[in-house]
There are 2 protein chains.
Amino acid sequence: MATLADVARRAGVSTATVSRIINNSPKPVTEALRERVLAAVAELQFVPNANAQQLARAHRSAVGVIVHDVSDPYFAEITRGLQRVATDNGRLVIICNSYRDPERELAYVDLLHAHRTAAIILAGSGYHDAPITARLDRKLRLYQSTGGRVAVIGRHEHAGDAIVPENEHGGWLAGDALYRLGHTAVGVIAGPRHLTTTTDRLAGLRRAARDHGHRLTTRHIAYADFDRAGGAAAAAELLGRLPGLTALAALNDSMAVGALACLRERGVDVPGQVSVIGFDDMPISVDVTPRLSTVRLPLEEIGQRAMSLALREPADGRDGPLVEHAAATLVLRDSTVSR
Amino acid sequence: MATLADVARRAGVSTATVSRIINNSPKPVTEALRERVLAAVAELQFVPNANAQQLARAHRSAVGVIVHDVSDPYFAEITRGLQRVATDNGRLVIICNSYRDPERELAYVDLLHAHRTAAIILAGSGYHDAPITARLDRKLRLYQSTGGRVAVIGRHEHAGDAIVPENEHGGWLAGDALYRLGHTAVGVIAGPRHLTTTTDRLAGLRRAARDHGHRLTTRHIAYADFDRAGGAAAAAELLGRLPGLTALAALNDSMAVGALACLRERGVDVPGQVSVIGFDDMPISVDVTPRLSTVRLPLEEIGQRAMSLALREPADGRDGPLVEHAAATLVLRDSTVSR
DNA sequence: ACCCCTCAGGTAAGCGCTTTCCCGGAAGGC
DNA sequence: GCCTTCCGGGAAAGCGCTTACCTGAGGGGT
């Protein structure tokens, strides 16, 4: 394992010079020396120890990202956006999957803090659990107090920058579309109730119902996991519970796809008998039959913007945390028709 | 930013003692002292600097993973498996997206080497590009010579352990299924030609053709990107080129889904007029209409096994690199019928 | 009563870099 | 021709930990 000192010895210079050359620091160095050092680096196959560099250097470089699950297309899209911006800025990204477990999320914050990452990005956080939220908040504040930057994708409930998807408005868009099409018996396939994404989207749906003179009660709502299987199960439940059902609103596309599968299995025609609307506009939504109507969220862009926030110089505005919104838009395709 | 020394001072002990306690080293420490130190840690909100620890310690901990693209479901599944095992072993995973760019892949190997990760896992590597392969190989060997472990998912063409998916056999399974159903004019939607995944799967398809007394020539093959859009484009191309076409074999499911979309658009009935088979058995394959026949690869399991290989003690077998295979199996669903 | 062993805890030498400060020589000004 | 100014390069002090080695006190054996 060649070290900086080995290279210096080999090239007959001091370690300071080698360091300056491999980091091409502003300090000028004679061309001849530079070449000699570079040759020594190549001969010895020297790879600087990033841990030592990090320790000796003042500034931080890598960015840590905590997501629920990269294999979920929702987060995969966001992650893609995050990486793109990070790579463009020459930053290393450390991705951590919390698998929706708040404790693991907490542990990862510690871990990234310990590694002195330049920033921590929380994607899809937000739990309805006061003790957890408080602990998370404490940890994030501590991290910030040591110079780390924090960016959150989701609700703005922690110190730090945030990019906030219009979940409530999106829910309203979905509900409004359905009611406007004449549906009155609308079932809602919701995600886990302890996630704020669920409650925010649900709130929008509720508001839409009220706007059209209806009410969304517990009977109309089935909670399940934010995935295909959860969607299928919830759809089955609602079908049993709501005899006159003519429309289903799922709080994300994976669940909507699961619902579609469930309906197909039972011989219920979509959209003929039941209309279905999803949320997120994931790639899959145009590949199912019928093509899914949904509420679009610019996921990759959200990722890019979050990384930009995380990377911005703390200097450029001592004006506190920045909060940006990401617009939800309605995308009507083939799975919704008027009643 | 509290340091170990601060904690030591606060608790009135030496740094050695603090270090021993926070790492609960085997060296015994009086209970009273331990409590005092832990109290100081809590008061000062001390978070050890992982870089310093890494530098001072002999052993390495984190594992680096280089994948083509986490937002691709194929890699998302694999990554999921990798993480699971890593987390179970208390290891941090650093995920790097190469976006299928060999140069970036090379750069990431350096980066992970620099960070002195315990292991590097290459997922989906394999380029038909001798210079690149040679450079990659050199870098990996150097990394290994410094004590790093290497595991590759894909062809076993580098030093280090490997888990090898049966790509050739899988291709044969797909081809055999099609020919057995009576198809003779089979078009192949292939991935980028510089990827070994493409050529391996293609080779299997070729062998199946020969086994059934047919030949797969350039006319029958369209190369495109391994995604939905690529599949659609390639399908369009083959449709134009092969008038009598009755079956399409895509080298992954994303492309197959793209092909399905293209065929639907042109009013070609699947499987009535054209049968379609995919590869990988991604989640989406059961959600499209018709449900996709495909060749299944146990992706998550592959990830788990790769991580296990990467984590195994170098000691347990000085018997050189381990090579394991991952079986491909045929999954017939609704998109293939006999002619 | 003396010696040796045990064991909790401290001392200090690194780990591999970066960077401040300093030095000596060459160049420029008068 | 002498003094000042630059400028390339080196010495060395950390960065925040871990750990091999040492110390001193108490306990048991003879």
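So you know, we letter chains A, B, ... as the sequences are listed, proteins then strands, and number each from 1. Computed from a predicted model, the values in this text were never measured in an experiment.
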Just by distance, no angles: are the side chains of A/D69 and A/S71 close enough, under 3.5 Å, to form a donor-acceptor pair?
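A/S71 and A/D69 do have a side-chain donor-acceptor pair below 3.5 Å.
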
Minimal non-hydrogen separation, A/N51 against A/N49, with atom names
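Looking at all heavy atoms of both residues, the shortest contact is N-OD1, 2.8 Å.
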
Which pair of non-hydrogen atoms, one from A/F75 and one from A/A123, has the smallest distance, and what is that distance?
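Scanning both residues completely, I find the closest heavy atoms to be CE2-O, 3.7 Å.
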
Which of residues 29-43 of chain B sit near DNA chain C, with a heavy atom under 4.0 Å from it?
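Heavy-atom cutoff 4.0 Å gives B/V29, B/T30, B/L33.
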
[X] and [Y] ion-paired at < 4.0 Å:
X      : Y      : value
A/R305 : A/E300 : no
A/E77  : A/R80  : no
A/R100 : A/D72  : yes

I'd like a list of close polar pairs between nucleotides 11-19 of chain D and the protein, N/O only, cut-off under 3.5 Å.
residue: D/dC17; atom: OP1; partner: B/N49; partner atom: N; Å: 3.4
residue: D/dC17; atom: OP2; partner: B/L4; partner atom: N; Å: 2.6
residue: D/dT18; atom: OP1; partner: B/N23; partner atom: OD1; Å: 3.3
residue: D/dT18; atom: OP1; partner: B/N23; partner atom: ND2; Å: 2.8
residue: D/dT18; atom: OP1; partner: B/Q53; partner atom: OE1; Å: 3.2
residue: D/dT18; atom: OP2; partner: B/S19; partner atom: OG; Å: 2.4
residue: D/dT18; atom: OP2; partner: B/N23; partner atom: ND2; Å: 3.2

Rounded to the nearest 0.5 Å, how far apart are CG of A/D137 and CG of A/L142?
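Interatomic distance, A/D137 CG to A/L142 CG, rounded to 0.5 Å: 11.5 Å.
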
Looking at B/D161, B/L311, B/T117, B/V63, which hits side chain to side chain contact (heavy atoms under 4.5 Å, CB included) with B/R149?
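The residue from B/D161, B/L311, B/T117, B/V63 that satisfies side chain to side chain contact (heavy atoms under 4.5 Å, CB included) with B/R149 turns out to be B/D161.
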
Under 3.5 Å, is there a donor-acceptor pair between the side chain of B/H115 and the main chain of A/A50?
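Checked: no pair found.
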
Intra- and interstrand pairs of DNA chain C - dot-bracket, Watson-Crick/G-U under 3.5 Å, | marks other strand
||||||||||||||||||||||||||||||

Give a yes/no verdict on a cation-pi contact between B/R84 and A/Y99, requiring under 6.0 Å between NZ or CZ and the six-membered ring centre and an angle within 45° of the axis.
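The answer is yes; both the distance and angle limits are met.
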
